Amino acid sequence: ATVKVKGPVSLLRQLKSESFEVILQRPAEEVPGQTKEVPLEARFSNLVPEDSRLRLSIQSIDPPSLKLRYVAKAPPPAR
């Protein structure tokens, strides 16, 4: 995912991919055979100091969502 951040250039240069966590905004209902569009959210990881987080602002994430297709869990093989 691409995360767009606004803030001082000196802080922006310090950011790396590890500076962010990308999570599902809400849990998707897991119904086998269905496909769901699930919105994504970007957050600063714990690697970004609190004082930096206060001066930076996450503007957007691209793609803004993922399509998930749920499949039925296969039973374990017989022993």
Side-chain angles (χ1 to χ4, degrees):
T2 300
V3 179
K4 183 178 176 182
V5 180
K6 183 178 180 180
V9 174
S10 61
L11 293 177
L12 294 173
R13 288 184 178 147
Q14 296 174 26
L15 298 176
K16 303 173 185 166
S17 59
E18 298 84 22
S19 300
F20 303 97
E21 297 174 350
V22 176
I23 59 169
L24 301 176
Q25 279 190 352
R26 62 179 183 264
E29 184 180 358
E30 298 178 15
V31 179
Q34 288 191 353
T35 300
K36 298 274 185 170
E37 184 105 7
V38 183
L40 297 177
E41 178 180 341
R43 296 181 184 168
F44 292 113
S45 73
N46 291 335
L47 299 175
V48 179
E50 185 65 31
D51 59 327
S52 295
R53 291 181 206 196
L54 295 174
R55 298 175 64 201
L56 296 167
S57 173
I58 295 175
Q59 302 293 300
S60 63
I61 182 170
D62 188 46
S65 62
L66 291 178
K67 283 189 179 182
L68 300 178
R69 183 165 78 67
Y70 296 98
V71 295
K73 184 177 178 180
R79 295 183 185 199

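In what follows, residues are counted from 1 in the order of the sequence shown. Predicted model, so just to flag it, every value in this text is computed and none were measured. The figures that follow rest on heavy atoms only: side chains count, while hydrogens, waters and symmetry mates do not.
Looking at P8 and R55, their side chains come closer than 4.5 Å, going by heavy atoms from C-beta outward. Side chains of K4 and D62 form no contact here, defined as non-hydrogen atoms less than 4.5 Å apart. Put simply, the side chain of L15 reaches to within 4.5 Å of the side chain of L56, judged on heavy atoms.
Across E18 and L47, no two heavy atoms sit closer than the pair O-CD1, 3.4 Å. Pairing each heavy atom of P32 with each of A72, the nearest pair is CB-N, 3.8 Å. The minimum heavy-atom distance linking V22 with A1 is given by the pair CG2-CB, 4.4 Å.
Between S52 atom OG and L12 atom CG the span is 10.0 Å, to the nearest 0.5 Å. Residue D51 holds its CG atom at 8.0 Å from CG of L11, rounded to the nearest 0.5 Å.
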- How far apart are the C-alpha atoms of F20 and I61, what are their side-chain angles, what is the distance that settles it, and do they pass the side chain to side chain contact (heavy atoms under 4.5 Å, CB included) test? CA-CA 11 Å; F20 303 97; I61 182 170; over 6 Å; no

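In the hydrophobic clustering of this structure, I23 does not group with F44; members are Ile, Leu, Val, Met, Phe, Trp, Tyr whose side-chain heavy atoms approach within less than 4.5 Å, directly or through other members. Note: the hydrophobic cluster containing I58 also contains L24 (ILVMFWY, side chain heavy atoms under 4.5 Å, direct or indirect links).
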